[in-house]
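Working notes, structure below.
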Amino acid sequence: MQTSNTAKIQLKEPINREPFLVIDRVSKTYPTPNGLYPVLENVNFTVYEGEFVCVIGHSGCGKSTLLNMVSGFNKPTEGEVRLRGNLITKPGPDRMMVFQNYALLPWKTAYENVYLAVKTAFPNKSKAEKHEIVEEHLAMVGLTEAAHKRPHQLSGGMKQRVAIARALAIRPEILILDEPFGALDAITKEELQEELLSIWREHRTTVLMITHDIDEALFLADRLVMMTNGPAANIGEVMDIPFSRPRDRAQIMEDPQYYELRNYALDFLFRRFAHVE
Amino acid sequence: MTSRTNGTIYRRPSQNSFTKLWRKNSNKIIRPLVAIVVFLVIWQLLCPPGSKGLPGPIQVFNDTFNPYIINPFFDNGGNDKGLGLQIIASLKRVAIGFSLSAIVGIFVGIVVGANKFLYEAVDPIFQVLRTIPPLAWLPIALAAINQNEPSAIFVIFITSIWPIIINTMVGVQQLPQDYRNVARVLQLSGKDYFLNILFPATVPYIFTGLRIGIGLSWLAIVAAEMLVGGVGIGFFIWDAYNNSQISQLILALIYVGIVGLLLDRLVAYIASIAVPAEQK
C-alpha cells in the first residue's frame, strides 16, 4: 500500500524489531478418507513485540488452524512456530486465548473464573496479591459490580469482558483472540473494540486476533494478514495500517485512506480470492 | 389484585402468603383432588361392600384406621410394627445401599469416563449387567453372603449403581471442548482440573443418574424384602397378603408410592441447589 496521505499519519512508536513470534515454513495437512488434505502450505510470518496483528480470510482458509498452532492446540505437520526463539509444542499460559464463545466456567462467578487463571499462573503469589490482580483486571473491563455474578447472569459482551480480563490477568506474552466479537451485536462489538484498544495501549501486550470484519481489523490492527483460500492456503498479503494511535473511530472513518485500505482488502477478499462454494 | 377507579390504582390489603400461594396454585391442587375423588368413587363402585374381590376404599379405611393409619409408630415386638417403622426400616436399607452405590458409582463413572481404553473395555460389560432385573441378583447375593440383611442391601446397591455409573461416564465424556481448552492453556494441575472443571461439569449428569438410581432402589427394596423377610414395608405387604389382610396391603402400597415420590423429589431438590442454572 502506498501511504500518500501523510498529513494525519504520524510515525508509529518504534517497536522492538527482534522477531517475537515466528511462523516458520509451516504446513498443515489433515488425513481424510480421500487422502491427505493440505490446509496450510508453507506459511511464513513474523510478529514483533507489542504489535497488534489481525488475520482475515474466508471460512475454511485455515486461519483457525494457524491460530491453534500458535496457541499450541495443534502442531504443524511441517515447519515450526517459535515464541522468543522457543519452539511451541503445547498450550501454555504465555499464549493465553480468548475464545469466540467465551469458554467461561458456568459454575464459577466472574471473579472465580479470573481467579482460577491467576491462581494457576502465579502459584507463588500470596492470596492478597492474587485477589488484587483479579480485582484490578475486573475493574479494567468495568466489571467490578458484576464480579460475583455467574456467566448466565451476564450478557454476551460482559462474558467476553470476563474472558479478556482472565486472559490479561495472567500476563501472557501474546494474547490470542479467535473472533472474539463475532457473536456480539454491533454496538457491544464497537464498545469492546475500543476497550480492547485502550487496554492494549496500557498493557502493550502483543495481540494476534482472527476476525471476519474488515472494519474491525482496520480500527484495531497495526498489520492485517489476508489469507488466500484453501486447500493449501497461504498468506496472500500483509497490509500495513498506518493510522496514528490512540485511534478515534470517527476520525479514522473520515480519513480517505481508510476507504483506500478498506477497498483494497475487500477487493482481495471478494474479487481476487473470492470464496468459491 | 388491583382495581382501577378514576385512574388511581388501589391495592387491597396485602394477603398472607398462604392465600397467595393458593391463588397461584389452586388449579394444581384442585384438579388432582378431583381426579382422586373420581378414582375413589370408581373404585368404590367396582368393589362394593360384601363382594368377594378386593375391598373398596371405605372398607380399606375402616379396616386400617386403627392402628395402621392413626398410629404409624406402634411397636408390638417382632414384625408387628406400625407402617411408619416399617418404612423407616426399608429406608435405612435403601440409605445404606444407595449411599454405597452413589460413592462407588460416581468414582467408577469418572475413572472409566475419563479413560477411553478402560471405557471401551468395560462399557459392554456394564451394558449387559445393567439389564439384569434387581431380583435376579438376590439369589447370588444370598449364595455369596449367606445373610439376609446384607443381601438385601447388596440388591439395592447393584440395582442403583448402573444408572449412576453410566450417567457419570457420559457426563465426563460430554465435557465441552472449551473447558478442556481452558484447562490446557492454563496448564491446570490434575487436582485443579478435577475440582474446578471435570467434576463441576459432570454434576448435572451425576444427579440424573442419582435420580434414576434412587427410584430403582425403592423399586428393588420392596421386592427384595418380600423374599428376605424381617421388618420392612416389602415384607409387610407379603405378610399382609399371606394373612389375607388385603386392606393393609392396599394401604401399604399407597405409602410405598408416596415415599417413592418423596425420594425422587428429594434428589431433584438437592440437584436444583447443587447445579448452576446455566448447566440445567
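This structure is a prediction, so every number in the text was calculated from the model and none was measured. Sequence lines set the chain letters: A, B, ... in the order given, protein chains first and strands last, and positions in each chain run from 1.
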* Structure fact -> Most contact-rich option vs chain B, by heavy-atom pairs under 4.5 angstrom, among A:R95, A:K108, A:E112, is A:K108
For atom [atom1] of [X], is the number of surrounding heavy atoms from other residues, nucleotides or ligands below 6.0 Å larger than 12?
X: B:E120; atom1: CD; value: yes
X: A:E136; atom1: CD; value: yes
X: A:I187; atom1: CD1; value: no
X: B:F107; atom1: CZ; value: no
X: B:I140; atom1: CD1; value: no
X: A:E132; atom1: CD; value: no
X: A:K130; atom1: NZ; value: yes

* A:T120 versus chain B, heavy atoms under 4.5 Å apart: side chain, backbone, both or neither? ->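 Interface part for A:T120: side chain.
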* Heavy-atom proximity to chain B below 4.5 Å, by part of A:A121 ->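 Neither; nothing under 4.5 Å.
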How close do [X] and [Y] get, counting heavy atoms only, and between which atoms?
X: B:D178; Y: A:A103; answer: CB-CB, 3.9 Å
X: B:I197; Y: A:W107; answer: O-CZ2, 3.5 Å
X: B:Y179; Y: A:L104; answer: CE2-O, 3.5 Å

* Asked: Is there side-chain contact between B:V182 and A:N113, with at least one heavy-atom pair below 4.5 Å?
  ->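 Side-chain contact under 4.5 Å: no.
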* Asked: Can you find a heavy atom in the side chain of A:F73 that is under 4.5 Å from one in the side chain of B:V185?
  ->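 They are in contact (side-chain heavy atoms under 4.5 Å apart), so the answer is yes.
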* Asked: Highest number of heavy-atom pairs under 4.5 Å with chain A: which of B:N181, B:D192, B:L188?
  ->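 Heavy-atom pairs under 4.5 Å are most numerous for B:N181.
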